[in-house]
Amino acid sequence: MAGKRKSLARGSLSREAILSAAQAIVRESGAERLSMRAIAERLECSVASPYLYFSNQEEIIGELLRAAEREMANMMEAASAAQSDPLERLAAIARTYWEFARGNSRLHALMIENRGRTYKMYMPTMPRSYRIYLRAFRDAVRAHQIPLYRMPAVSVARILWNWIYGTIVVENTSLVDSVGEDDPVRSGLFFFGALFRDRRKHEGAE
């Protein structure tokens, strides 16, 4: 970070300040650099001070996960609301997830790494982001825009979401070369859209 960081004024330490420092560390350096000591150094306070507000680092990570999920879900909700066509709403949700992950790659990596015990502890119910996706998916099914291929709707929804999630994870972690492709999500949506349209034409011809 350019310039000299200002320390907190005496007595001004708070949960919000600690979370802000933790989020900044993750965004700038990655989750592997996050520690109670790193937070204390950033805030120029004693290592013991953050423990007055949080039991441990895992609790801080849990709050970061909730904040990231809330931010992403708000973006998805806004993108979805801007589209009247159900299939376009699905596309907007997928693109929004892609843009969030690209713009917050280290924060998104933290979300991926903590999909297990920590994630479930602090977000025990179905994430709002997924519920937003499911709502658009069900609307598209009702509008006969997504064929179910005689499968349960929940299974098809999970398959499509797994593709969206998997594509974003693979791209952000550089597990597979993108072969010069600027937007694999757009390409995938084009492919699925064509697949859905062809299937509907086939069913109409039967």
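Residue numbers start at 1 and run along the sequence shown.
- Counting heavy atoms of neighbouring residues, nucleotides and ligands inside a 6.0 Å radius, atom CZ of R37 does not exceed 12 of them.
- From E28, atom CD reaches atom CZ of R106 across 8.5 Å, with rounding to the nearest 0.5 Å.
- With hydrogens and angles ignored, the 3.5 Å screen pairs no side-chain donor or acceptor of E77 with any backbone N or O of I132.
- The structure places CD of E41 at 10.5 Å from CG of L43, a figure rounded to the nearest 0.5 Å.
- For R27, the CZ atom sits in a packed shell: over 12 heavy atoms of surrounding residues, nucleotides or ligands are nearer than 6.0 Å.
- With values rounded to the nearest 0.5 angstrom, E59 atom CD is found 9.0 Å from L19 atom CG.
- Nearest heavy-atom pair across D139 and P86 is C-CB, 3.8 Å.
- Residue Q23 holds its CD atom at 11.0 Å from CG of L34, rounded to the nearest 0.5 Å.
- Between T96 and A92 the shortest heavy-atom distance is OG1-O, 2.7 Å.
- Atom CD1 of I39 and atom OH of Y53 lie 13.5 Å apart (nearest 0.5 Å).
- Summarising the geometry of N56 relative to Y51, their closest heavy-atom pair is CA-CE2, 4.2 Å, with the distance given to 0.1 Å.
- Side-chain atoms of M36 and I60, non-hydrogen and from C-beta on, do get closer than 4.5 Å to each other.
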In sequence, state the C-alpha distance, the side-chain angles, and the governing distance for R66 and E63, and then conclude on salt bridge (Lys or Arg N to Asp or Glu O under 4.0 Å). CA-CA 5 Å; R66 277 202 286 229; E63 291 299 326; 2.4 Å; yes

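- The ring pair (Phe, Tyr, Trp, His ring centres under 6.0 Å) check on Y133 picks up Y130, W161, with sequence neighbours excluded.
- Between the side chain of S20 and the backbone N or O of E16, no donor-acceptor pair lies under 3.5 Å.
- Heavy atoms only, all atoms of each residue included: A136 and R89 are closest at CB-CB, 4.1 Å.
- The main-chain N or O of V26 is never found under 3.5 Å from a side-chain atom of R33 such that the two would form a donor-acceptor pair.
- V156 and P147 get closest at one heavy-atom pair: CG1-O, 4.4 Å.
- You'll find the side chain of I164 stays beyond 4.5 Å of the side chain of I93, heavy atoms only.
- Put simply, Y165 and V154 are part of two different groups of oily side chains (I, L, V, M, F, W, Y) that touch within less than 4.5 Å, one to the next.
- With sequence neighbours left out, S49 forms a side-chain contact (heavy atoms from CB on, under 4.5 Å) with L13, C45, S46.
- Using a 4.5 Å cut-off on side-chain heavy atoms (C-beta onward), M72 and N104 make no contact.
- E69 places a side-chain N or O within donor-acceptor distance of the main-chain N or O of R128, the cut-off being under 3.5 Å.
- In this structure, Q145 and D85 have side chains that are in contact, with non-hydrogen atoms separated by less than 4.5 Å.
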